[in-house]
Student: 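Below: one structure in structure tokens.
Just so it is clear: chains get the letters A, B, ... in the order the sequence lines come, proteins before strands, and each one is counted from 1.
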Amino acid sequence: MANFELFKGPYNPQITEPAVLEYWERNSFSKPEYNAQTKQVDSLDELKKELTQHPEKKFTLINPPPNAYGRPHLGNISGYAYQDLMGRFWRMKGKRVLLFPGKDHAGIQGEIVVLREHFRQQGKSKQTMTREEFYAETYEYFTEMMAAALQDEKRIGLSADFERNVFTLDPTIVKNVLTTFEKLYEANKVYKGVRIVNWCTSCQTALADIDTEKKEREAPMYYLRYPLVEPVGNITHITVATTRPETMLGDTAIVVHPEDERYKQLHGRKVLLPLVKREIPIITDTQVDREVGTGCLKLTPAHAPEDYEIMLRWNENNPDKAVGWINVIDPQGMMCGPIGKFRDMSSDAAMNQVLSDFKEQQLYEKEELQSQRIPVCERCKSIIQPLMSSQWFIRVDEMKEQALTAVMEGSITIHPKYMTKKYTHWMKNLRDWPISRALWWGYRFPVWYKGSLETTYGDDGNVSEKIGGIAVNDFADAVAQGLAIVSQSSPGEGWIQDENVFDTWFSSGQWPYVTLEKEGLLDCMYPTDTMETGYDILELWVSRMIMLGLFRTGKIPFKDVYLHGIVKAEDGQKMSKSKGNVVSLDDLVGEFGADAIRMLYIVGNKAGASYRIDREKLAGNRNFLNKIWNASKYVFFSTADLQEPWEVTQASLSLAEEDKAIIAEVEKLSEQVSKKIQNFRFGLVAVDLIQSFWHSFCDVYLEQVKARLYTKDKEGNPINTSPEQQASRRAGQWTLWYVLGVYLKLLHPYVPFITEYLWASYPKSPTDSETIMHTAWPDKHT
RNA sequence: GGGAACAUAGCUCAGCUGGUUAGAGCAUUCCGUUCACAUCGGAAAGGUCACAAGUUCGAAUCUUGUUGUUCCCACCA
């Protein structure tokens, strides 16, 4: 039993919250197995049996797994308040609630952090360790760090089943995630191929489009002349504009708009590519913007994603006049390929050399300073070098159709509704998903090669692979030749495993079903009910869960997606370490309490809307908690002589008009709160709830009823002694008791700590739940 | 270039499918208290609902346009 003392003085969360936390943790109230009727924890089998018979009795919400290292900031924690609100609501509504917590290994960022924060101090690096040593030690490091992140989840009041907390690299999870890869491979939805990728020369890995961001910079645009092989009329050359002259060494065509009158007579003609003396054709594509530069685009398919797309399109429509690509920059950022003296220069040196050669040959026209947006690595901020590389891809064409349909036909609802467009737009434009990363920290590909695997950036500009010294066209070819195999375990002596690990989102994209399957709960708790996360990872994460969930289970992974806004720092800016405006839970939880912080997240806010940390609001929230505290204490001592109020029926009391009014208000409020929570409008109804408690119950009703409750006047003489007055007093006491109970329950999902603490002193029937977490929600009809 | 959201009191924002006199919190001004609470109570002041046109008996709310702010996406070489 909870033993919470009603101490004197103002409400002090520093006393109450740790005590409540300890109470929650000591019992197992947050487990779906906890049985409110028997007050026992059922077995897993009993739970499954019940949910099989009554599937409507479950509520599953998978908590988005935060990075396993380090402490989250106040913004990272905000989601837990929403997730917990839903969990507590449905639990009180009598459902078997599972909030499933986990931690993510965070791929690239995890590797960067552990190298910087852990290994560097010991003088270790990837050069001085084996892959196995690195993995084992990092695993241990992350396991330690995880405990700290868990503390914050608990501290904000998240009623998750923490015993089930699971790491993305837990062996059973790994096995399941890799099985998905195998199934994708069998279904021909995964392939290995040489494609253009966003290459981070610093992290030495490929990145998906969404793992890059754009940086603004001023850079010169150079105008370069390419002579025509044969002059057309008096035209002897064309001029192209570029910000990256060194890539001209890999040009394979010139592209003009088919309708551009200036160049119509040049279609199909050839230019002599300067410096490397290659003849390349002039082709057409409607994507070329006639207004930009000279209207002539130099096509470098190996080092510009747009050019690569144009090449594919052209080749599809003109198979007889197909153009190829020539890769001239290797993964280290050095020049390579059929480029003569430029080979082995750094790309910067090559750029200067190209420019000076053009000048010398009188082919240099001019330069103009221009602002441009260049892609950089989201994690390390290095400039992305697009290049050709052999990578694993997921074929998304079919998967994205299903994922689109699920949302457009309403099997999955996104809140706020207007974010649906963001999702559909992104999904429609989705290209094949590159899933391999050249890292050590993550899920290594379950792919094996016989002998060795070599990737060559050839002198001919090709990128090719050899397995055991034998050249292969592609992975399928290698499998056919018996040189490669997809398998979770080594096929035997002499086979080596693919060095790549999976993109982090490949594993977190499977989170809903791999977590439940680990616990044997897939049958009875999947699909989950709601996914709650920040709107900034709708595309990054939510979309992947929908695609992979549909693929692997044939079912949607969740029915509703609630997207919360971004919490800004006190200065209104996004929180970031570099700005120095990061606020942690520790900074504020002592002064205001977790309940006040949860209110800041939720009260008055709506889905998708951002807001900032506001100390004035926090102070207001703290004042409200104090109001609850004092009003409750008042009710407790002024109803102390009321016997077993739960046995009393309303009809047996002579209720005054004021009693009836507040009872009616609170009952109407219950319906509203229930309805709005179910409609995901948590924040706005919270304002009504607070208003009602503070201004109807405290300011009005409590003042009205006081005179009827006193048993002595100021001089100490007995008052309210007549039978009518006694009955009136009793009716007032009962009303206070009843109404406060309703308020505490309605408030509990919002401010769980104070309501739990007060619930211990609230007079309740012996059959009622000892924890407010499992008492019945007060609405009657919904 | 495309898309989305927002524009309401000094500040931060509510106002859901159009219906009396447009609301809350904070801030401001005045008044009040000693038997829950000064982390309090009562009251006041404060708004051409960005602008314009339209639909309507009626518009902060719906439509269109204009202006401004924010965010996202994209191929400006």
Student: Any luck finding a side-chain donor-acceptor pair between A:N198 and A:Q385 under 3.5 Å?
Tutor: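 No, no side-chain donor-acceptor contact under 3.5 Å.
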Student: Classify A:V255 by what it touches in the nucleic acid, base, sugar-phosphate, or nothing, heavy-atom distance under 4.0 Å.
Tutor: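 Result for A:V255 = nothing.
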Student: What's A:K574 touching, base or sugar-phosphate or nothing? Going by heavy atoms closer than 4.0 Å.
Tutor: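 The residue A:K574 makes no contact with any strand.
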Student: Decide yes or no, distance alone: a donor-acceptor N/O pair under 3.5 angstrom between the base of B:rA36 and the side-chain of A:E703.
Tutor: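 Present.
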Student: So which nucleotide does B:rG19 pair with, by the Watson-Crick or G-U wobble rule with both distances under 3.5 Å?
Tutor: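 Here B:rG19 is engaged in a pair, and the nucleotide opposite it is B:rC57.
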Student: For A:F637, which contact category applies under a 4.0 Å heavy-atom criterion: base, sugar-phosphate, or nothing?
Tutor: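 Answer is sugar-phosphate: A:F637 comes under 4.0 Å of backbone atoms only.
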Student: Look at the side chain of A:R373 and decide which nucleotide, out of B:rA77, B:rA74, B:rG15, has an atom nearest to it.
Tutor: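 For A:R373, the side-chain atoms sit closest to B:rA74.
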Student: Is the gap between the ring centers of A:Y601 and A:Y82 under 6.0 Å?
Tutor: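 No, ring centres 6.0 Å or more apart.
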Student: Of all of residues 601-628 of chain A, which get a heavy atom below 4.0 angstrom from RNA chain B, listed by number?
Tutor: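 The stretch gives A:K606, A:E616, A:K617, A:R622, A:N623, A:N626, A:K627 as the residues lying under 4.0 Å from the strand, ordered by number.
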Student: Does the structure show a Watson-Crick or G-U wobble partner for B:rC71, both distances under 3.5 Å? Name it, or say none.
Tutor: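 Base partner found: B:rG3.
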Student: Using OP1 and OP2 only, check whether a side-chain N or O of A:Q370 sits under 4.0 Å from B:rA77.
Tutor: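 Checking B:rA77 against A:Q370, a side-chain N or O does come within under 4.0 Å of OP1 or OP2.
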Student: Distance check needed: B:rA5 P versus A:L538 CG, whole Å only.
Tutor: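 Nearest whole value for this atom pair: 15 Å.
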Student: Is there a Watson-Crick or G-U wobble partner for B:rC51 with both distances under 3.5 Å, and if so, which one is it?
Tutor: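 With both distances under 3.5 Å, B:rC51 matches B:rG65.
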Student: Of the listed nucleotides (B:rA14, B:rA36, B:rA4), which one gets closest to any side-chain atom of A:K421?
Tutor: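 The answer is B:rA4, which lies nearest to the side chain.
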Student: Looking at the rings of A:F393 and A:W433, which for Trp means the six-membered one, are their centres under 6.0 Å apart?
Tutor: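 Ring centroids of A:F393 and A:W433 are no less than 6.0 Å from each other.
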Student: Does B:rU29 have a Watson-Crick or wobble mate here (both distances under 3.5 Å), and if so which one?
Tutor: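 With both distances under 3.5 Å, B:rU29 matches B:rA43.
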Student: Give the nucleotide from the list B:rC72, B:rA5, B:rA24 with an atom nearest to the side chain of A:K422.
Tutor: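 Nearest to the side-chain atoms of A:K422, counting from C-beta on, is B:rC72.
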Student: Nearest to the A:D289 side chain among B:rA4, B:rC35, B:rA77, which nucleotide is it?
Tutor: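 So the side chain of A:D289 is nearest to B:rA77.
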Student: Applying a 4.0 Å non-hydrogen cut-off, can you work out what A:E309 is touching in the nucleic acid: base, sugar-phosphate, or nothing?
Tutor: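 No contact.
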Student: Tell me if the aromatic rings of A:Y223 and A:Y364 count as close, with their centers under 6.0 Å from one another.
Tutor: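 Distance test on ring centres: not under 6.0 Å, no.
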Student: Which residue in the set A:D536, A:T533, A:I546 passes side-chain contact (heavy atoms from CB on, under 4.5 Å) when paired with A:W541?
Tutor: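 Of all the options given, the one that passes is A:T533.
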Student: Measure from the side chain of A:D699, starting at C-beta and using heavy atoms only, and say which of B:rC75, B:rG41, B:rA77 lies closest.
Tutor: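 Of B:rC75, B:rG41, B:rA77, B:rG41 is nearest to the side chain of A:D699.
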